[in-house]
Peer 1: 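Quick one: the structure is below, and I'll ask about it shortly.
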Amino acid sequence: MLVVDGVSLDRCLRHAERLFFESTTKLAGVMCCRCSPTQKTAITQKLKLYTNMKIAAVGDGGNDVGMIQEADIGIGISGKEGKQASLASDYALAKFHYISRLFLWHGRMSYIRTSSLGQFVVHRGLIVAIIQMLFCLTFYFCAIPVFNSYLLLGYTTYYTFLPVFSLVFDQDVENEESVLKYPNLYRNLQKGRFFSAKTILIWTTQSLYQGMVVIFCTLVFFEDSFVNIVLINFSALICIEMLNLYSELKNPTRTIFLLVLMSLAIYASSVFLFRDYFNLGTISREFLLKILAITVVSWLPVHFIKCCAQKLDPSEAARVENMGV
Amino acid sequence: MQFRQFYNFFFLLICVSQFFSILRVGFIFTYVTPLAFVLSVTMVKEAYEDCKRHCRDSEINSEKYGKLDPAGRVCDVTSANIKVGDVVRVREGQRVPADMVLLYTTGPSGSTFIKTDQLDGETDWKLRRPVAKTQAAFEAGKLMSMNACVTAEPPHKDIYKFQGTFYHTEDFSDPVAVGLDLGNTLWADTVLTNGFAVGLVIYTGIHTKSKMNVRSPRSKVGKIDQEISWISFVLFVVLLGLALTILTSNGFKGRWPLLYMKYVLLLSSIIPISLRVNLDLAKTWYSYGINSDSAIPGTVARNTNIPEDLGRIEMLLSDKTGTLTQNEMEFKSFFVQNAKFDRRESMHEIMEALTAASQEDSAPMADHRKPEPGHAKRSKQEQIKDLTIAMAVCHNVTPVDTEGKHDFQAASPDEIALVKFAGELGYRLLHRDQLKMQVATPVSSLDVDEYEILLDFPFTSESRKMGILVRHTKTQRIIYFMKGAEQAVGQSVSPEAAAKMREGAEDLSLEGLRTLSFAEKMLEPEEYQAWREEYDAACAAEVGREGEKAAVRAKLETGMEYLGVTGVEDKLQDNVAKTIEGLKQAGIKVWMLTGDKIETACCIGISSGLKSRAEKYYVLKEVADDQYIVENELKVISASAFDSSWLDRKWNNRRAQCWWWTE
């Protein structure tokens, strides 16, 4: 733990700025005394410049405003020295110890949920593009869309929006108690385990595999009517996405289940609404079986692999949860 | 954020392309609807914010003030119509609409208090005085018929500096000049606390101190948003690549550029236009969750853009006072001569000494008329008494009675703690205005000492000391009290006294107390007169006024007598140690940046758990101003981070003063 006074700090920064931050960030902590507001701001700026760390700053007075505005996250305590700091901040707190709940619970959940949501949405678009591309390649390079425009529009909005967005309500740990009790859970986030090149690659591979299964199954099941294929394809796609969502959810709740059912119902009724276009008369048990087959072939292996991976190398959160049980 | 615009533009292009039948690959609405949706969500959000801003602006702009017309009548004026040179009346509790020079106030003793918390965040009330000539003229009803003018310096950002001159003439002869300073001003966005005030507007709009200090907030972008933007960009490249793959397999037949564009359009679903909407909604939801979390009441997410970043913090920079500590000061102990007096343990002893000393003469400096450096040693009793009086007199505290409760108003909570402690000892501060102070004495409840305030140097963070020149009314003794950081006060006392002072301050700091050192000096009336004339001349100087004033002040602050050192405890906030331990476990480094001195900071570091038991302090202070030494020091620090055995070795380089500190 380094303790440094304002004058020495100034000299360190003047003579060996880079060295100062490189060596001090290895230490457990640093205390800068006799620090002017300008120095506080400068330290924040330089730390960002040299260390590439995510920096939060917390303060309560007018002398902390610069530091609060400069940091990645500025936190103001609404204290006795007036409201200036809390007005300049990104998050205004009433007490210092709220910070642990803000970081360890809210921050952690927001980050995990957004990672999950963002990647799922990217995957959702990717899989359609892959299907479209394979379709073009297979069917003599014709530039026609596989899916009807209403379906494509509905695919990202009314058919899947609510269930996918419900990723935002998902929790990997039962409640905030366990996070506050095991702050170690936070460390994985700093390393970016939830949103990294690795996770993106996994999602891309999954999209590629599932898109390929869908299009090749279509070739196998090729029937006389093109519209029929579209319907089989698209229905399978919706089902696959719902099941993917199930794999992605850490803690599927009844509400999410209901949302999924609701979306499926919306889809079914919309198909029924356009029954003339889809030629619903031809729907038979065989038709439903084909959808089921595509879905199972494309989803089950993926899910199986994910389950195995989770069993073999459980996440920290899962371990904590098991410990609790 | 540029990516956001880039994608909106990309989708706009796609939409437009669909109006050309040659490029059409599907129904137009498939492409138009999502874009329209995304844009309308953004528009509604921005329109809502603009509306709110408009309402707020028009409310402020239409606030009514009284304006004095040339005939001296008061007419209404909205704050939007106030111009430089207007004479404006502001009522109690009203926001001051522009920067003004105070001409008249109804406040007691011809001065008024303003609240400046909206301007500089300080919650104490500030004293403001009107120009003496205009105060008198207003009372005689002749303010608007005066032959006077005010010149002010060009507008600048510093809210604590103002230099202006008031010129006044009775009969068109040579005008008389009076210097104006910060004490004569009313800055915009401050609030008047009592009566009403009349001021001459000198700066308006963007030239006001308040507006000049508005920094446009840096818009912060979350790391995850940058990452997602990056992925979106990669997807765009992938899109172009995939389209090219199809085209290549096809063998560039026919009108292939057209075909290529069609493929791009077909595959455009790879770019998730709904992603932004999804993520923005999610952020709103997280922020709502933070605002409404009942376990952390009062939390406000002012910036809804970055909740995800809360989840990947690697370092926390923390202020000390008011953040880790409560900024609620409690008087603990003081040092006089070589003895320490604790509030809990030696209260009886203090009281005895005090009663004995004040029975004879309750005024300060009773034992000798004029102190000389290194002169005969004063009695401990007298020093305790003088220190107590200094605590009761040397401050900028104003007693206020709110709803029958006696309380104090001050910029620094340390001062309030000192005044309260002096009150406990019998020297109760009863009243204070611009000109005088009344302090009860422990002798009897009827005995009240009055001090005339001759001059007051408020505390500034640069000088780190404050001084007050008072005249004890009964004995007519003129005494200058000073208090501040021991380095600052130490310059005004003898070297031996300064060493003693430092010793005392260090001793108290080791207990984690905030220390203030006190010194006093008595002036002969003639001496005061001579000095005062010099000071007044400096105050009216046209050029280099500040420098002159400081030089004259320094003359006063020599050969002072050391009184004692006081220690005030700053209590820790609730659960600080537990929180910091949790953060450290979570892999977050905690740094403390404070204006306090090393010793105090070290104590708080231990009690708050910033420094764990296994760690040691490496103190780097007064390091030489030399590149080689600085680099050497840093290399040593850097090495110690890995090699803990190093800590046990003794560091012998005395070029820089450093030492190890263990618990």
Side-chain angles (χ1 to χ4, degrees), chain A residues 1-5 8 11 15-16 19 23 26-27 30-33 35 40 53-60 62 64 77 79-82 84 90 92-94 96-98 100-101 106-108 110-111 114 118 121 125 128-129 132-133 136 141 143 145 149 153 156 168 183 186-187 189-190, chain B residues 26-27 30 117 121 123 228 242 246 250 262 266-267 269-270 272 274-275 278 282 286 290 296 298-300 303 307-308 310-319 322-323 327 573 575 579 582 585-587 591-593 598 601 611 615 617-621 623 625 627 630-631 634 637-638 641:
Chain A
M1 187 110 194
L2 176 72
V3 185
V4 59
D5 71 340
S8 306
R11 289 173 181 167
H15 293 302
L19 185 66
S23 44
K26 289 178 205 152
L27 300 174
V30 174
M31 298 202 301
C32 304
C33 308
C35 237
K40 289 186 180 187
M53 285 204 264
K54 274 278 143 187
I55 291 161
V58 54
D60 76 317
D64 306 314
I77 309 274
K80 287 201 170 163
E81 288 183 32
Q84 222 186 10
D90 300 308
L93 301 184
F96 177 76
H97 71 258
Y98 291 173
S100 57
R101 197 181 161 91
H106 287 291
R108 182 173 184 277
S110 306
Y111 177 54
T114 292
V121 171
V128 172
Q132 176 70 55
M133 182 185 142
C136 287
F141 310 104
S149 303
L153 178 61
T156 51
V168 163
Y186 194 83
R187 287 177 184 248
L189 278 64
Q190 293 162 331
Chain B
F27 294 108
T30 327
D117 55 329
T123 46
I228 284 173
L242 287 181
I246 305 176
N250 195 11
K262 276 194 174 188
L266 277 177
L267 298 178
S269 64
I270 201 172
S274 64
L275 185 60
N278 267 298
Y286 304 144
I290 291 170
I296 47 172
T299 306
V300 184
N303 185 346
E308 293 91 357
L310 287 174
R312 52 205 312 188
I313 296 296
E314 288 159 283
M315 181 179 272
L316 177 70
L317 304 177
S318 175
D319 175 42
T323 306
N327 206 11
Q573 294 264 13
N575 290 331
T579 307
Q585 259 191 53
W591 283 28
M592 186 167 88
L593 311 181
I598 289 183
K611 182 186 92 74
E615 286 161 13
Y617 279 131
Y618 181 75
V619 181
L620 185 60
K621 79 171 186 184
V623 67
D625 196 0
Q627 181 154 12
V630 167
E631 278 180 7
L634 291 174
I637 292 164
S638 170

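Computed from a prediction, not measured in an experiment: that's the story for all the values here. The chains referred to below are lettered A, B, ... by the order of the sequence lines, with proteins before strands, and numbering in each begins at 1.
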Peer 1: Against chain B, work out which of Pro183(A), Cys136(A), Ala16(A) has the most heavy-atom pairs shorter than 4.5 Å and name it.
Peer 2: Pro183(A)
Peer 1: Could you state the interatomic distance from CZ (Arg101(A)) to CG (Leu310(B)), rounded to the nearest 0.5 Å?
Peer 2: 13.5 Å
Peer 1: Identify the two heavy atoms, one from Ser318(B) and one from Phe96(A), that lie closest to each other, and give their separation to 0.1 Å.
Peer 2: OG-CE1, 4.2 Å
Peer 1: Please identify, among Leu189(A), Val58(A), Val168(A), Val121(A), the residue contributing the most non-hydrogen atom pairs under 4.5 Å to chain B.
Peer 2: Val58(A)
Peer 1: Using only atom types and a distance under 3.5 Å, with no angle test, would you say the side chain of Arg187(A) pairs donor to acceptor with the backbone of Gln585(B)?
Peer 2: yes
Peer 1: Could you pull out all residues at least two apart from Tyr286(B) that satisfy side chain to side chain donor-acceptor pair (under 3.5 Å)?
Peer 2: Thr114(A)
Peer 1: Given the options Asn575(B), Ile228(B), Leu593(B), Thr299(B), which has more heavy-atom pairs under 4.5 Å with chain A than any of the others?
Peer 2: Leu593(B)
Peer 1: List the atom of Gln627(B), the atom of His15(A), and the distance in Å for their closest heavy-atom pair.
Peer 2: NE2-O, 3.3 Å
Peer 1: Name the option with the most non-hydrogen atom pairs under 4.5 Å to chain B; the candidates are Ala92(A), Gly118(A), Ala129(A).
Peer 2: Ala92(A)
Peer 1: Can a donor-acceptor pair be found, under 3.5 Å and without considering hydrogens, that links the side chain of Glu308(B) to the backbone of Ser110(A)?
Peer 2: no
Peer 1: Grab the two heavy atoms, one from Lys54(A) and one from Arg312(B), that are nearest each other, plus how far apart they are.
Peer 2: CB-O, 3.2 Å
Peer 1: Please examine the side chains of His106(A) and Ile296(B), heavy atoms only from C-beta on, and report whether any two atoms are closer than 4.5 Å.
Peer 2: yes
Peer 1: Taking side chain to side chain donor-acceptor pair (under 3.5 Å) as the test, write out the residues that go with Ser8(A), two or more places apart.
Peer 2: Asp5(A)
Peer 1: So Asp319(B) and Lys40(A), do their side chains get closer than 4.5 Å, heavy atoms only?
Peer 2: yes
Peer 1: With chain A as the partner, which of Leu242(B), Ile270(B), Ile313(B) has the greatest number of non-hydrogen pairs under 4.5 Å?
Peer 2: Ile313(B)
Peer 1: Say you draw a straight line from CE of Met53(A) to CE of Met315(B); how long is it, rounded to the nearest 0.5 Å?
Peer 2: 3.5 Å
Peer 1: Taking Gln132(A) for its side chain and Leu267(B) for its backbone only, find out whether a donor-acceptor pair lies under 3.5 Å.
Peer 2: no
